[in-house]
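Notes for the one structure printed next.
The first residue in the sequence is number 1, and the count goes up from there.
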Amino acid sequence: MAWLRRKVSPRYGAMGGIGKAIAVWLALAAPVQAQEVVIAALGDSLTAGYGLPRGQGLVPQLQDWLDGRGHDVRLINAGVSGDTTAGGLARVDWTLGDDVDGMIVALGGNDLLRGIDPGVSRANLDGILSAADAAGVEVLVIGMRAFNNFGEEYQAAYDAMYPELAEAHGALFHEDFLGAISGMDTSGQEGFLPRYIQADGLHPNAVGVARIVEDIGPAVEALIQRAGQP
């Protein structure tokens with residue numbers, strides 16, 4: 001039996017090598033655990049959930065929608081009521097914290113209400129997207145559509161800035177934040193559908209938010225996929 005004693009290592013024992021091999025195989029065969037994806041939603045009152053009960057705003061409803069579809073994602077509500085693109089630019093650096101993998105940019109509605117020059121809004125949005133690029137954070141740009149209160153030239157410039165900036169920065173794009181609750185009312189006028197809007201005529205109610213979530217949800221899922229890639 002001397003030959004057997006020579007072949008069995010005193011350090012590992014007869015089963016040591018086999019045991020190590022099994023352990024390595026099990027480690028390689030085990031599924032890789034996906035890490036949680038963190039998405040910051042940079043926006044204004046539409047993102048913040050203005051006028052709605054806790055849990056009924058955009059971010060919590062979107063979180064529930066994504067959870068229900070099996071996504072390991074955490075949304076950060078970076079919406080500030082009354083914010084403009086300038087405000088978003090001023091706070092984008094601290095919004096892009098170390099743990100943020102992706103960012104939804106939904107700003108510009110207050111710029112429109114105030115009649116701010118689309119060129120100014122465009123420059124601010126460009127700055128926000130540039131900050132995300134520098135941080136290596138994937139972005140979904142959600143646009144808005146202007147009514148013609150300030151004329152066709154203003155409307156065209158405003159509507160165009162979102163898709164053009166998204167393309168320039170290689171960001172994902174969803175055309176219209178409020179598209180799911182807009183349409184023709186009973187008088188034939190284009191605007192927000194009354195059953196989805198709060199009494200102020202500007203902000204969606206909880207049912208309206210649910211429609212918005214269903215509309216933008218697939219684009220957010222695409223952002224999660226991008227942001228979660230190694």
Side-chain angles (χ1 to χ4, degrees), residues 37-52 54 57-63 73-147 149-150 154-178 198 200 202-204 209 212 216 219-220 223-224 226-227:
V37 175
V38 179
I39 305 291
L42 182 67
D44 50 32
S45 57
L46 297 175
T47 302
Y50 176 87
L52 293 172
R54 184 180 179 87
L58 177 78
V59 172
Q61 285 208 46
L62 181 58
Q63 180 75 67
V73 61
R74 174 166 58 90
L75 300 182
I76 298 173
N77 191 341
V80 174
S81 294
D83 215 0
T84 61
T85 56
L89 178 59
R91 60 192 177 88
V92 66
D93 286 335
W94 61 259
T95 300
L96 293 168
D98 293 339
D99 62 340
V100 172
D101 304 300
M103 183 168 65
I104 300 168
V105 177
L107 284 164
N110 288 311
D111 296 48
L112 176 62
L113 291 174
R114 299 179 189 185
I116 294 174
D117 182 345
V120 173
S121 302
R122 185 186 187 107
N124 292 332
L125 289 170
D126 187 47
I128 291 170
L129 297 180
S130 295
D133 292 342
V137 170
E138 298 289 348
V139 174
L140 165 64
V141 176
I142 301 184
M144 300 278 287
R145 295 183 65 84
F147 299 125
N149 305 51
F150 301 107
Y154 184 102
Q155 183 179 29
Y158 182 93
D159 290 351
M161 67 183 180
Y162 293 104
E164 290 175 359
L165 286 171
E167 182 177 6
H169 287 270
L172 295 167
F173 174 63
H174 183 81
E175 184 177 16
D176 188 3
F177 189 104
L178 296 169
Q198 297 180 42
D200 63 8
L202 291 174
H203 295 90
V209 170
I212 291 171
I216 70 173
V220 178
L223 176 63
I224 293 168
R226 267 199 193 185

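- The two residues Pro163 and Ala160 come nearest to each other via the heavy atoms CD-O, 3.3 Å.
- Looking at Met144 and Leu112, their side chains never come closer than 4.5 Å, going by heavy atoms from C-beta outward.
- Contact of the Ile39 side chain with the Leu223 side chain is registered, since non-hydrogen atoms from C-beta on lie closer than 4.5 Å.
- Under the 4.5 Å side-chain criterion, counting only non-hydrogen atoms from C-beta, Thr95 is not in contact with Val100.
- The side-chain contact (heavy atoms from CB on, under 4.5 Å) search around Ala219 returns Leu140, His174, not counting sequence neighbours.
- Annotation: side-chain hydrogen bond (donor to acceptor under 3.5 Å, both in side chains) contacts of Asp93 (sequence neighbours excluded): none.
- In this structure, CG in Leu58 is found 7.5 Å from CD1 in Ile142, a value given to the nearest 0.5 Å.
- For the pair Ile116/Phe150, no side-chain contact is recorded, criterion being any heavy-atom separation below 4.5 Å from C-beta on.
- Here Gln61 pairs with nothing under the side-chain hydrogen bond (donor to acceptor under 3.5 Å, both in side chains) rule; sequence neighbours left out.
- Pairs of residues two or more places apart, or lying in two chains, that qualify as salt bridge (Lys or Arg N to Asp or Glu O under 4.0 Å) and include a residue from residues 110-128 are Arg122-Glu164.
- Residues Gln63 and Val73 approach most closely at NE2-O, 2.9 Å, considering heavy atoms.
- Applying the ring pair (Phe, Tyr, Trp, His ring centres under 6.0 Å) criterion to His169, with sequence neighbours excluded, gives no partner residue.
- Partners of Ala48 under the side-chain contact (heavy atoms from CB on, under 4.5 Å) rule, at least two apart in sequence or in another chain, are Ser81.
- Considering only residues two or more places apart in sequence or on other chains, Glu167 meets the side-chain hydrogen bond (donor to acceptor under 3.5 Å, both in side chains) condition with none of them.
- Nearest heavy-atom pair across Ala166 and Leu172 is CB-O, 4.1 Å.
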Check against side-chain contact (heavy atoms from CB on, under 4.5 Å), Leu52 and Val209 = CA-CA 10 Å; Leu52 293 172; Val209 170; 3.7 Å; yes
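- With sequence neighbours left out, Ala86 forms a side-chain contact (heavy atoms from CB on, under 4.5 Å) with Thr84, Asn124.
- Between Thr85 and Ser121 the shortest heavy-atom distance is OG1-CA, 3.6 Å.
- In this view, Asp98 satisfies the side-chain hydrogen bond (donor to acceptor under 3.5 Å, both in side chains) rule with no residue, not counting sequence neighbours.
- Listed by first then second residue, pairs satisfying side chain to side chain donor-acceptor pair (under 3.5 Å) with a partner in residues 38-51 read Ser45-His203, not counting sequence neighbours.
- Among residues two or more places apart in sequence or in another chain, the ring pair (Phe, Tyr, Trp, His ring centres under 6.0 Å) test is passed with Tyr158 by Tyr162.
- Here the side chains of Leu178 and Leu46 are in contact, with some heavy-atom distance below 4.5 Å.
- In terms of heavy-atom proximity, Gly88 sits nearest to Ile128 at C-CD1, 3.8 Å.
- Considering every non-hydrogen atom in both Tyr154 and Pro118, the closest pair reads CE1-CD, 3.4 Å.
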Return all side-chain donor-acceptor pairs below 3.5 angstrom for residues 101-110, not counting sequence neighbours, or 'none' if the list is empty.
| residue | atom | partner | partner atom | Å |
| --- | --- | --- | --- | --- |
| Asp101 | OD2 | Val38 | N | 2.8 |
| Asn110 | ND2 | Asp83 | O | 2.7 |

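- Taking CG from Leu75 and CG from Leu62, the interatomic distance works out to 5.0 Å, rounded to the nearest 0.5 Å.
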